[in-house]
Amino acid sequence: MTSRYARVIQAKNGSPVPLFTSGRAAHSQYDPEREAARTAKTFPPEALFFVIAGFGAGYLAAALLEKNSACHIIAVEETDADISFVRTIPTVPALTENPRLTVVPLDRLVTAITDIYLPAVYGSLHVSELQNWSLESPDCALRFKSLVRDALALVTADYSVQAHFGALWQRNIIANLKHAAHTPRTHYRHRIPLEKTAYIAGAGPSLDENIPLLKKQRNDYFIIATDTAYRALREHGIHSDAVVTIDAQLISRMHFLCADTAPPLLVCDVGAVSTTARRYEHTVFITTGHPLATYAAQTQSPGTGTPFFPLAPGTGTVLTAAVDCARRMGFQSLFITGADFSYPRGTPYARGTYLDALYYGEQTRCAPAECRFSALLFRAPLIPGPSASAPTTAVLQSYRDSFIAWCAQSDFSVVPKNTGWLCTARHAASPLPFEEQPFDFARFLRCLKNDIAADQYTPGTLTAIQYAVLPYIAWLRTRISPAQKHAEFPTLLHLAYKALLRYTES
């Protein structure tokens, strides 16, 4: 691949300046350092994260790093060939050794931003462009802006969830860890009938259509229900073999209030509402990626096994967690229903979920339950779906994409069948471990207190305990006073640690 850079010249002050093949200089040909310093001054002093279109000889990156030693920079060139060229400039190799500077080609920009940019640590993201870089290739500049928007959409979606649930997750995790320490180990492997098909029940409207067949062939399936579908199945007299729950909100306990008998196995996320796990004797704790749960697992004695299992949550959906649970159990054939990723016939959920009890119980003559269901249906803009009678939303489409991606990554083929999805493993695989080890809460607490007492923040790097409280800090940033809007990360860390220790002592 050919670089769009041609050669390097000297500016009037003697500094190297790369030239594009058109003859245009990437920087000022008089004093590129002064040009970069002037651009750096346009950003506020508290700015900590930058994405730069065009690296060139790195003058702007150097000026930003000099202005704020704690900042992180992602600089972009069009191709790897361009990066290889600029690395031949004598001043560049030493600059790129700085761990707070990352130089990537355009096709890896989205991944770089989603991997490196942590809003809880850095605050706002700031974008800058080398003017001549953008003038040299307007199409490249437009693509750069589009990729930044795409990356920020992904980061924002994840961060907004953290900002909403950060404190709730932290409290639930500590409560569930305490419960796990007193819960006997669940010996469940020998009771999983792998010769059957795993029936994964989501809560979409297509679940209603599959109820008659499920009743008729009940003995052919091992039913793993999502928490919302669990109650709907019970309304039809169908008892699930396992139920998966990951929701942190207190209202999710309503999924289980109808049960006169407990499910044989509750698969519960460590961050899920803590009152759920305390209701049932047979519980397997899982984690869907929260860093505090990961940290807690790392504090346990080496060689004792994991106290809870990592499952793939997709875009945070309980359906993907339930499907991945079946894979970990060792099932080779899965039938998934209630996974519509749309609103068939304008219906958001199957009949019999907790929403029926909630909405019909609160309806009045002037505000019937149908109004609540309609509001639920139109809470996000509708777009055309798989058919004219099944509109969807951008969020539901992202859930579908996540599900299809899980199938590809897990080596499962997936085909639509009977208003559901049939997933079949392409290759036979040994069952993954599905029996957790006891959790030593006292050991966790000792490690937690020691790590917090010894912790020091070094810009550009995060320790395991600092990662553990990032979701709480995301929540904290939405709650602090306007005067503390630009509070430095160490200050927020101190507040997060105080809250975490308070939870462990309550």
Side-chain angles (χ1 to χ4, degrees), residues 1-43 49-67 71-117 125-155:
M1 185 178 292
T2 304
S3 171
R4 63 164 158 165
Y5 290 104
R7 59 194 179 95
V8 179
I9 64 170
Q10 280 192 341
K12 295 294 184 180
N13 69 346
S15 298
V17 174
L19 293 183
F20 297 108
T21 53
S22 66
R24 178 184 282 116
H27 308 285
S28 167
Q29 298 184 57
Y30 291 91
D31 192 338
E33 288 91 351
R34 185 173 65 180
E35 175 191 52
R38 189 163 52 243
T39 302
K41 286 182 180 179
T42 63
F43 294 102
F49 200 94
F50 301 89
V51 179
I52 304 173
F55 180 71
Y59 295 115
L60 179 54
L64 292 170
L65 288 168
E66 182 178 357
K67 180 180 178 181
C71 75
H72 199 110
I73 300 168
I74 297 176
V76 177
E77 286 291 347
E78 184 178 7
T79 64
D80 284 313
D82 293 336
I83 296 175
S84 297
F85 181 92
V86 299
R87 288 185 185 277
T88 64
I89 300 173
T91 57
V92 169
L95 178 62
T96 55
E97 289 178 2
N98 192 317
R100 298 193 305 280
L101 172 63
T102 304
V103 185
V104 296
L106 265 177
D107 59 5
R108 294 204 292 271
L109 176 59
V110 172
T111 300
I113 293 177
T114 54
D115 286 349
I116 300 172
Y117 176 46
L125 180 146
H126 301 267
V127 178
S128 184
E129 299 180 37
L130 293 185
Q131 184 178 11
N132 287 354
W133 188 91
S134 298
L135 291 174
E136 181 67 16
S137 179
D139 291 343
C140 214
L142 289 174
R143 185 182 171 210
F144 166 79
K145 293 175 182 177
S146 176
L147 291 173
V148 170
R149 284 194 296 269
D150 292 345
L152 284 178
L154 294 173
V155 173

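Between Arg4 and Cys140, the shortest heavy-atom distance links the atoms NH2-SG, 4.1 Å. The heavy-atom pair separating Tyr117 from Leu125 by the smallest distance is OH-N, 3.3 Å. Between Asn13 and Ser15 the shortest heavy-atom distance is OD1-N, 3.1 Å. Of all non-hydrogen atoms in Ile89 and Gly56, the two that sit nearest each other are CD1-O, 4.3 Å. Taking every heavy atom of both residues into account, Ala141 and Glu129 meet most closely at CB-OE1, 4.2 Å.
At most 12 non-hydrogen atoms from other residues, nucleotides or ligands lie less than 6.0 angstrom from CD of Gln131. Within a 6.0 Å sphere centred on NZ of Lys67, heavy atoms belonging to other residues, nucleotides or ligands number more than 12.
No side-chain donor-acceptor contact under 3.5 Å links His72 to the backbone of Ile116.
The side chain to side chain contact (heavy atoms under 4.5 Å, CB included) search around Thr88 returns none, not counting sequence neighbours. By the salt bridge (charged side-chain N to carboxylate O under 4.0 Å, His left out) test, Arg108 is found to be paired with Asp80, residues two or more places apart in sequence or in another chain being considered. Every residue two or more places apart in sequence or in another chain that forms a ring-ring contact (aromatic ring centres under 6.0 Å, His included) with Phe85 is listed here: Tyr5. For Arg24, the salt bridge (charged side-chain N to carboxylate O under 4.0 Å, His left out) partners are Glu136, not counting sequence neighbours. Applying the ring-ring contact (aromatic ring centres under 6.0 Å, His included) criterion to Phe144, with sequence neighbours excluded, gives no partner residue. Partners of Thr111 according to the side chain to side chain contact (heavy atoms under 4.5 Å, CB included) rule, which considers only residues two or more places apart in sequence or in another chain, are Asp115.
Side-chain contact between Trp133 and Phe20: present, with at least one pair of heavy atoms (C-beta onward) separated by less than 4.5 Å. Looking only at side-chain heavy atoms (C-beta outward), Leu95 and Leu65 come within less than 4.5 Å of each other.
Test Thr91, Val92, Val86, Ile9 against Pro16 for side-chain contact (heavy atoms from CB on, under 4.5 Å) and you get one pass: Thr91.
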